Number of protein chains: 2
Amino acid sequence: MFSKSCKYAMRAVLFLALNSSPKKKLGVNQIAEELDVPKHFLAKILQQLSRNLLISSTKGPSGGFFLSEENLNTSLRKVVETIDGPEVFNSCILGLPVCSFENPCPLHFKAIEYRNGLLEVIEGNSIKELAIRVKEKKLTI
Amino acid sequence: MFSKSCKYAMRAVLFLALNSSPKKKLGVNQIAEELDVPKHFLAKILQQLSRNLLISSTKGPSGGFFLSEENLNTSLRKVVETIDGPEVFNSCILGLPVCSFENPCPLHFKAIEYRNGLLEVIEGNSIKELAIRVKEKKLTI
DNA sequence: AGAATAAAAGACCTTTTTATCTTTTAATGC
DNA sequence: GCATTAAAAGATAAAAAGGTCTTTTATTCT
Ligand code: FES
Ligand code: FES
């Protein structure tokens with residue numbers, strides 16, 4: 001479903017939502033260590049998210065990555081689509097050139113159900129809301 | 001979710017279920033052309049399935065690939081697991097080292113629902129049954 | 001201004017996946 | 001037995017994904 005980059009991205013964003021703020025920025029090192037992902041690779045991903053204004057960052061001493069209020073109020077779907085492209089939620093699970101109700105593959109209806117279920121979670125909630133849920137339900141990221 | 005190889009494999013198997021029989025074998029060329037997939041690549045995949053006894057084949061003139069009655073009565077899940085490995089339906093959608101009820105990620109429950117829905121289709125039906133459904137409902141493969 | 005810090009950017013490198021091409025082996029029909 | 005056919009097998013190559021390292025740029029603090 002999601003590329004590794006995308007998985008790292010989602011986890012990092014949730015981690016930032018839970019552990020950073022405009023006055024408490026985190027360096028790649030900390031994030032990478034905490035999530036146990038390769039740090040240079042994560043840096044690339046975070047830069048990409050930053051360029052696309054999905055996360056915030058400042059350089060220099062006491063700089064780092066964090067989520068602004070605006071960042072917190074967007075959906076994880078944007079993060080996913082920034083990394084894996086807009087087609088992730090729109091392509092046939094069997095690889096047919098188009099996924100449609102008119103020309104469904106044998107897995108289409110189940111697959112759609114699934115995709116919609118996931119979208120419900122990552123689009124129906126803001127990053128802030130997801131982070132709250134993670135904390136309350138002690139979910140792992 | 002599935003690798004390209006796996007997608008080709010699933011489609012090819014369904015295609016064989018619909019268009020071949022022990023007395024009507026199909027060559028890679030025909031299958032590849034019909035499904036519009038790279039033929040040499042498909043050949044490799046079919047060989048792998050054949051080695052694992054999920055499809056049948058004979059060499060020589062009037063040889064080709066086909067499904068035996070036994071092949072028809074197995075599940076697509078075996079095809080999937082032969083190509084993509086047994087972990088496809090068992091790994092965390094966010095890439096956490098383990099996927100479990102005890103340590104769920106934020107997408108765990110929705111993801112599980114999805115996976116189970118897909119499994120229902122590809123494990124709850126034999127390849128033969130799936131093929132019948134494809135024909136009746138005019139599904140695309 | 002200058003030193004220190006941390007992200008941004010860019011150049012590489014490695015591995016895996018996807019794809020192609022060639023040679024070998026087995027079956028068929030004459 | 002020989003020519004033909006088609007899969008099996010193997011070797012190679014191209015592309016994409018994943019990962020590392022180095023240099024540059026911006027910021028902060030002294
Ligand atoms: S057509 Fe295959 S998932 Fe929609
Ligand atoms: S823990 Fe992530 S899908 Fe189960």
Side-chain angles (χ1 to χ4, degrees), chain A residues 1-12 16 20 22-33 35-68 71 80 82-85 87-88 91 95, chain B residues 1-12 16 20 22-33 35-68 71 80 82-85 87-88 91 95:
Chain A
M1 180 89 224
F2 304 122
S3 70
K4 227 160 177 176
S5 299
C6 187
K7 292 169 183 172
Y8 292 164
M10 289 191 268
R11 294 175 61 207
L16 283 171
S20 81
K23 47 192 58 164
K24 189 188 169 207
K25 295 157 194 166
L26 300 179
V28 224
N29 296 312
Q30 299 172 261
I31 307 173
E33 199 164 309
L35 300 181
D36 194 28
V37 306
K39 96 176 186 188
H40 287 109
F41 192 36
L42 181 62
K44 298 243 103 153
I45 296 165
L46 293 177
Q47 279 159 32
Q48 200 179 339
L49 292 174
S50 181
R51 267 199 304 279
N52 286 277
L53 307 177
L54 292 168
I55 68 177
S56 308
S57 69
T58 60
K59 294 182 177 181
S62 92
F65 295 94
F66 64 100
L67 299 194
S68 66
N71 295 150
V80 171
T82 295
I83 304 294
D84 275 356
E87 286 307 298
V88 241
S91 54
Chain B
M1 179 90 226
F2 305 122
S3 71
K4 228 161 176 176
S5 299
C6 186
K7 292 169 183 173
Y8 292 164
M10 289 191 265
R11 294 175 61 206
L16 284 169
S20 81
K23 47 191 59 166
K24 189 189 168 206
K25 294 157 196 164
L26 300 179
V28 223
N29 296 310
Q30 300 172 262
I31 307 172
E33 200 165 308
L35 299 182
D36 194 29
V37 307
K39 97 176 186 190
H40 287 109
F41 191 38
L42 181 61
K44 297 250 105 158
I45 295 165
L46 293 176
Q47 280 159 32
Q48 201 179 337
L49 292 175
S50 181
R51 267 198 307 278
N52 287 277
L53 307 177
L54 292 167
I55 68 176
S56 308
S57 69
T58 60
K59 295 181 175 182
S62 92
F65 295 95
F66 64 100
L67 299 194
S68 67
N71 295 151
V80 171
T82 296
I83 305 293
D84 275 355
E87 284 307 297
V88 241
S91 54

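Every value quoted in this text rests on a predicted model; they were computed, and no experiment measured them. Sequence lines set the chain letters: A, B, ... in the order given, protein chains first and strands last, and positions in each chain run from 1.
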Atom pair distance, as rounded to whole Å: CD in B:Gln48 and P in C:dA19: 15 Å
Within the pair B:Arg51 and D:dA7, is there a side-chain N or O less than 4.0 Å away from OP1 or OP2? no
Rounded to the nearest Å, what distance is computed from the CZ atom of residue B:Phe2 to the C1' atom of nucleotide C:dT18? 18 Å
If you take atom types as modelled and just measure distance, does the side chain of A:Gln47 reach the base of C:dA8 with a donor-acceptor pair under 3.5 Å? yes
Quick note, side chain to side chain donor-acceptor pair (under 3.5 Å) partners involving residues 40-51 of chain A, not counting sequence neighbours, are A:Ser50-A:Ser57
Residues which pass side-chain hydrogen bond (donor to acceptor under 3.5 Å, both in side chains) with B:Ser91, listed by chain and number, not counting sequence neighbours: none
Where along nucleotides 20-30 of chain C does protein come under 4.0 Å, by heavy atom, of base (B) or sugar-phosphate alone (S), with - for untouched nucleotides? BBB--BBBB--
Looking at B:Gln30, is its backbone amide N or carbonyl O close enough to the side chain of B:Glu33 to form a donor-acceptor pair, meaning the two atoms are under 3.5 Å apart? no
Has B:Tyr8 got a side-chain N or O lying under 4.0 Å from the OP1 or OP2 atom of C:dT18? no
Which whole-number value in Å describes the distance from B:Phe65 CZ to D:dT5 P? 18 Å
Would you list the pairs meeting ring pair (Phe, Tyr, Trp, His ring centres under 6.0 Å) in which at least one residue belongs to residues 44-67 of chain B, sequence neighbours left out? none
With a 4.0 Å limit, can you tell me whether A:Ser5 has a side-chain N or O closer than that to the phosphate oxygens OP1/OP2 of D:dA17? no
Tell me: CD of B:Gln30 to P of D:dT5, nearest whole Å? 14 Å
Base, sugar-phosphate, or nothing: which does A:Leu26 touch, judged by heavy atoms less than 4.0 Å apart? sugar-phosphate
Partner set under side-chain hydrogen bond (donor to acceptor under 3.5 Å, both in side chains) for B:Ser56, not counting sequence neighbours: B:Asn71
What integer distance in Å separates A:Ile45:CD1 from D:dT20:C1'? 13 Å
Are the side chains of A:Ile31 and A:Leu46 in touch, meaning some heavy atoms are under 4.5 Å apart? yes
Can you name the ring-ring contact (aromatic ring centres under 6.0 Å, His included) partners of A:Phe2, sequence neighbours left out? none
Between C1' on D:dA8 and CG on B:Asn52, what's the gap in Å once rounded to a whole number? 14 Å
